[in-house]
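Note sheet for the following structure.
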There are 2 protein chains.
Amino acid sequence: MTEEIKVLIVDDHQLIREAWTAILQMTNRIKVIGTAETAEEAYEVCSIYRPEVVLMDINLKNSNGFDATEKICNSLPKTRVIGLSLHDDVALVKKFLSKGAKGYLSKNTSREELVAAIDAVMNDKIYLAADIKEKFINQIIDTEKPAEKELTNKEIEIVTLISQGFTSKEIAEKIFISVRTVETHRHNILKKLNIPNAAQLSSWAKDKGYI
Amino acid sequence: MTEEIKVLIVDDHQLIREAWTAILQMTNRIKVIGTAETAEEAYEVCSIYRPEVVLMDINLKNSNGFDATEKICNSLPKTRVIGLSLHDDVALVKKFLSKGAKGYLSKNTSREELVAAIDAVMNDKIYLAADIKEKFINQIIDTEKPAEKELTNKEIEIVTLISQGFTSKEIAEKIFISVRTVETHRHNILKKLNIPNAAQLSSWAKDKGYI
DNA sequence: TCATTTTTAAGTAGTTATACTTATAATTAG
DNA sequence: CTAATTATAAGTATAACTACTTAAAAATGA
């Protein structure tokens, strides 16, 4: 009998935290040592209780899970972080893995797969959900359309604000830069993503989980 | 010992279906008789297995849970539908309840509250999550802003197109009306909803499930 | 350190959106 | 049938957005 695997669950919805705890507790090999609501809380719990695996929802309320993942992976390299998200976007997954995460699951994965993923990362393997693997392959095959360019942090910040309906002027006042700078970012963003206007950008941002 | 309460879970994410099943099975008074991914499937399962309670996620992939709820409540009045959503929007909740639902929970509710809600609706009570109740009260207190006006069918059609990023000109060509007419609709929509621009409208429309 | 990327800013121009108002035909509800 | 609502269209004016270019300070990475 091996020891129990210590897991931390990070999600901003109580019902989901409790539900995942429940299904992990059903196996007697995994022990949920705690849950966290925010990125900050997640890091604190990690540094104190040293879980072996962290299940991290990407779409947290105030922060986006990326920073917390990076921080945890850098300072506690023994901790394996597995990402979980409703939005299975390839670029997002890549970015997440680049932060040091060891796995990625969509919410379409089964209970068995969740446990399999935990076992995999415990054996120092990278685990990707089947449907995400498939998307990766599809994107590689799709040589026609060039890979979607990645947005910079500032651009993401501005995308979020545009998508919420703020005008360039309002954004400028809000983050203390010139209106012209906001307009430049705006233009660059639309060009990078090949999107014609703010309405469609807003729709895009929602799909990606930026809002 | 009372009989077990038969529950159906409707959500388009497997992991969430399994997780909720797990926490409900932990009580030995509730039995999850099945799960469904889509609105159609939900209705079919209901008409065959006659669950006493249906836990319905509003944000389903292709349909928005409203039609399924209405259909179930009309043809199987003994079935109590409880709505579950990430978006705890007051107008949405009202609409959902008007379709015949008996309860509404946000994903911030606890496991205990989930069970309490099921017990409540079994006793023919209406159950609203604490945070949603609060929002209801806040909106009533907010006498300043009048209740959100409803959009006409044409307006909804145009909202959908605007939100997808089509310009007024494109919409005009697409549905064979004058650009000026589209602009009039556009203006009326923003005024009715008290929304300042297309980007925010797009966000709004996504939340409402119009796209 | 050096090269690259990012963030900042502004110029010029054309397009689209938003805010109001007015108005008529078509449809719908009582 | 009549009244109200809805869908249609246009006028006028202002604000905001989008396209494209140039450019320099700042941050980042190798």
Side-chain angles (χ1 to χ4, degrees), chain A residues 64 66-67 70-71 73-74 91 94-95 97-100 146-205 210-211, chain B residues 145-206 210-211:
Chain A
N64 56 9
F66 286 113
D67 301 331
E70 193 169 24
K71 208 170 169 187
C73 292
N74 282 342
K94 275 186 188 168
K95 189 175 171 188
L97 294 176
S98 77
K99 298 292 184 192
E148 205 168 68
K149 281 165 197 152
E150 267 203 51
L151 299 183
T152 66
N153 288 334
K154 203 83 206 174
E155 284 167 348
I156 289 173
E157 185 186 0
I158 288 174
V159 160
T160 307
L161 293 167
I162 292 173
S163 304
Q164 287 170 338
F166 292 105
T167 65
S168 293
K169 202 203 283 180
E170 288 168 338
I171 293 169
E173 285 163 3
K174 196 178 277 278
I175 64 175
F176 307 110
I177 56 174
S178 158
V179 180
R180 304 311 306 276
T181 309
V182 178
E183 283 176 341
T184 303
H185 283 307
R186 228 184 154 111
H187 177 246
N188 292 337
I189 290 162
L190 296 179
K191 202 175 179 184
K192 268 190 186 177
L193 303 176
N194 197 32
I195 280 176
N197 54 44
Q200 198 173 316
L201 182 66
S202 178
S203 178
W204 177 89
Y210 286 140
I211 348 184
Chain B
K145 57 177 177 184
E148 205 168 69
K149 281 164 198 153
E150 270 204 48
L151 298 183
T152 66
N153 289 333
K154 201 84 205 175
E155 284 167 347
I156 289 173
E157 185 186 0
I158 288 173
V159 161
T160 308
L161 293 166
I162 292 172
S163 304
Q164 287 171 335
F166 293 106
T167 64
S168 295
K169 203 202 283 180
E170 289 168 338
I171 294 170
E173 285 164 2
K174 196 178 275 278
I175 64 174
F176 307 110
I177 56 175
S178 157
V179 180
R180 304 311 306 274
T181 308
V182 178
E183 283 176 340
T184 302
H185 283 308
R186 228 184 154 112
H187 177 247
N188 292 336
I189 290 163
L190 296 180
K191 201 174 178 185
K192 268 190 184 176
L193 303 177
N194 197 31
I195 282 177
N197 54 44
Q200 198 174 316
L201 182 66
S202 178
S203 178
W204 177 89
K206 281 232 158 187
Y210 286 141
I211 348 182

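We name chains A, B, ... by the order of the sequence lines, and we start the count at 1 in each one. Only this structure's heavy atoms are used, side chains among them; waters, hydrogens and symmetry mates stay out.
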**Q.** Gap between atom CG of A:Leu190 and atom CG of A:Leu201 - 0.5 Å precision
**A.**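 So the gap between those two atoms works out to 6.0 Å.
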**Q.** Interatomic distance, A:Ile162 atom CD1 to A:Glu170 atom CD [nearest 0.5 angstrom]
**A.** 11.5 Å
Rounding to a whole Å, what distance do you find between [X]:[atom1] and [N]:[atom2]?
X        : N      : atom1 : atom2 : result
B:Ile171 : C:dT16 : CD1   : P     : 12 Å
B:His187 : C:dT18 : NE2   : C1'   : 7 Å
B:Ile189 : D:dT8  : CD1   : P     : 11 Å
B:Arg186 : D:dC17 : CZ    : P     : 12 Å
B:Lys191 : C:dC20 : NZ    : P     : 7 Å
B:Leu201 : C:dA17 : CG    : P     : 12 Å
B:Ile162 : C:dT16 : CD1   : C1'   : 12 Å
B:Gln200 : C:dT18 : CD    : P     : 11 Å

Q) Where are the stems of DNA chain D, defined as at least 3 consecutive Watson-Crick or wobble G-U pairs with both distances under 3.5 Å? A) C:1-30 with D:1-30
Q | Side chains of B:Ile175 and B:Ile158 in contact at under 4.5 Å (non-hydrogen atoms) | A | yes
Q) Does a side-chain heavy-atom distance below 4.5 Å link A:Asn197 with A:Gln200? A)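 Yes, close enough: below the 4.5 Å cut-off.
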Q: List the atom of A:Ser202, the atom of A:Ile211, and the distance in Å for their closest heavy-atom pair.
A: O-CD1, 4.1 Å
Q: Dump the intermediate steps for side chain to side chain contact (heavy atoms under 4.5 Å, CB included) on A:Leu193 and A:Leu151, then the final yes or no.
A: CA-CA 9 Å; A:Leu193 303 176; A:Leu151 299 183; 4.2 Å; yes
Q) Where along nucleotides 25-30 of chain C does protein come under 4.0 Å, by heavy atom, of base (B) or sugar-phosphate alone (S), with - for untouched nucleotides? A) ------
Q: Between protein and nucleotides 5-15 of chain C, map the contacts as a letter string: B base, S sugar-phosphate only, - none, heavy atoms under 4.0 Å, written 5' to 3'.
A: -SSBBBBB---
Could you list the residues that satisfy side-chain hydrogen bond (donor to acceptor under 3.5 Å, both in side chains) with [X], not counting sequence neighbours?
X        : answer
A:Thr152 : A:Glu155
B:Ser203 : A:Lys206
A:Thr181 : none

Q.
Strictly distance-based, threshold 3.5 Å: is any side-chain N or O of B:Thr184 a donor or acceptor partner for the main-chain N or O of B:Arg180?
A. yes
Q: Using a cut-off of 6.0 Å, state whether more than 12 heavy atoms not belonging to B:Asn153 lie near its atom CG.
A: no
